[in-house]
Amino acid sequence: MEQIKKMMHENKIKHSEVEYTGEKCDGCGRDLKIVQITFADGEVKENESGCICDRIKFVNDQQKKIKADAFAKASIMHGDYKEKTFDNYQANSDEQVQAAKKMRYYANHFDDMLSESNCLLVQGTFGTGKTHLAAAVRNQLRAQDYQVLFISLPDYVDKLKQGFKDLNQVHPIFKFAKEADLLILDDVGANRMSEWEVSELFRLVDARRNKCTIYTTNLTSEQFRSSQALYRVFSRMMEKAKAIVIDGDDYRMKGVK
Ligand SMILES: [Zn+2]
């Protein structure tokens with residue numbers, strides 16, 4: 001309005017009209033209006049909203065997008081996992097069909113999952129497509145600007161080890177992993193873990209107690225029981241996690257002789 005007055009004073013605006021639409025802003029309840037400005041040169045401009053809420057929403061959406069981008073950048077996805085969707089997942093067994101169904105449900109109802117801090121532990125042998133399904137969840141939610149960090153445990157551990165000198169500071173990858181709306185920690189137990197690695201895993205799982213995490217693993221619960229330290233991690237992981245077990249044939253080997 002100040003700007004309009006100034007421009008009127010400078011004679012750039014011939015006149016302005018305000019018309020109330022009869023509707024109220026969803027955000028603040030103020031009456032919505034259309035401001036029509038006629039400029040001295042005959043040009044007419046309409047500003048439909050008349051409410052600052054639209055602009056606040058725009059700024060918030062932009063900030064949400066910038067944050068989501070940072071989590072996408074910090075993610076490590078190999079090969080073509082960024083292209084994986086539920087539609088291009090090829091289920092070859094009933095377990096795989098069920099797993100895909102449950103994980104799609106998780107992605108489709110993510111706000112509910114967030115409010116209940118629901119987690120998933122996806123267990124299956126090599127090649128059953130658990131990483132594909134986890135990537136599909138990530139790709140769907142990333143497109144909606146959720147803050148999703150996708151990283152395998154071996155890559156996470158590598159990141160922790162490399163190039164971070166300031167030991168008094170929290171490692172950036174830990175910060176991302178701790179703060180994400182959803183952490184997808186792929187391939188838990190894929191490599192034999194050192195004592196330090198198991199303790200770092202526990203630290204991470206513990207830091208996400210009230211958050212949404214999807215773990216994928218080829219370890220059975222029996223194998224998690226093989227060491228006390230690992231079992232402690234497993235117990236913490238399972239506090240709020242539903243287990244999804246995928247068996248079926250090794251689907252990456254399909255059609256390969
Ligand atoms: Zn408003």
Side-chain angles (χ1 to χ4, degrees), residues 1-75 77 82 85-87 102-120 134-151 170 172-184 207-214 240:
M1 274 303 165
E2 276 307 304
Q3 213 179 352
I4 293 175
K5 272 185 205 157
K6 192 170 167 250
M7 288 175 95
M8 278 188 127
H9 184 70
E10 288 168 1
N11 229 356
K12 283 181 189 159
I13 293 177
K14 232 156 98 187
H15 66 264
S16 69
E17 271 172 43
V18 176
E19 184 197 320
Y20 287 90
T21 63
E23 284 175 41
K24 289 186 188 298
C25 170
D26 290 337
C28 66
R30 259 180 285 208
D31 293 319
L32 288 185
K33 57 197 174 185
I34 297 172
V35 181
Q36 195 185 66
I37 298 168
T38 309
F39 289 87
D41 60 6
E43 195 193 349
V44 179
K45 267 189 183 170
E46 267 188 9
N47 175 354
E48 259 197 53
S49 151
C51 189
I52 200 170
C53 289
D54 277 351
R55 226 160 295 167
I56 292 172
K57 189 181 177 300
F58 177 77
V59 171
N60 286 343
D61 286 351
Q62 289 302 107
Q63 277 172 342
K64 198 180 164 199
K65 203 172 153 45
I66 289 166
K67 277 191 191 160
D69 287 348
F71 281 84
K73 220 178 147 199
S75 295
M77 298 179 85
K82 281 183 188 162
T85 65
F86 292 108
D87 289 333
K102 285 174 188 163
M103 292 179 78
R104 195 196 278 259
Y105 183 91
Y106 188 93
N108 287 348
H109 299 84
F110 188 61
D111 280 334
D112 297 336
M113 301 302 140
L114 266 182
S115 65
E116 291 166 24
S117 49
N118 287 333
C119 302
L120 295 176
V137 174
R138 179 268 177 194
N139 295 335
Q140 181 172 325
L141 295 177
R142 193 266 174 277
Q144 294 164 30
D145 288 337
Y146 285 103
Q147 296 168 20
V148 187
L149 183 75
F150 185 107
I151 195 165
V170 180
I173 198 65
F174 176 75
K175 218 165 166 258
F176 275 113
K178 186 186 171 194
E179 287 171 8
D181 291 333
L182 174 65
L183 168 68
I184 298 177
R208 293 196 58 85
R209 276 186 107 167
N210 298 309
K211 301 213 149 191
C212 288
T213 310
I214 295 177
K240 283 209 157 181

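Each residue takes its place number in the sequence, starting with 1. Both ligands and their constituent atoms are indexed starting at 1 by order of listing.
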2.8 Å cut-off (strict), protein N, O or S atoms about the Zn ion (ligand 1): 4

If the condition is side-chain contact (heavy atoms from CB on, under 4.5 Å), which residues does [X] pass it with, not counting sequence neighbours?
{"X": "Ala136", "value": "Phe86"}
{"X": "Lys211", "value": "Arg208"}
{"X": "Ser117", "value": "Lys240"}

Spacing of CD belonging to Glu17 relative to OG1 belonging to Thr38, to within rounding of 0.5 Å: 6.5 Å

Value rounded to 0.5 Å, distance of CD in Gln140 from CZ in Arg104: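 So the CD of Gln140 and the CZ of Arg104 are separated by 7.5 Å.
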
Mutual orientation of the aromatic rings belonging to Tyr105 and His109 [parallel < 30°, tilted 30-60°, perpendicular > 60°]: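 The rings of Tyr105 and His109 lie parallel, inter-plane angle below 30°.
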
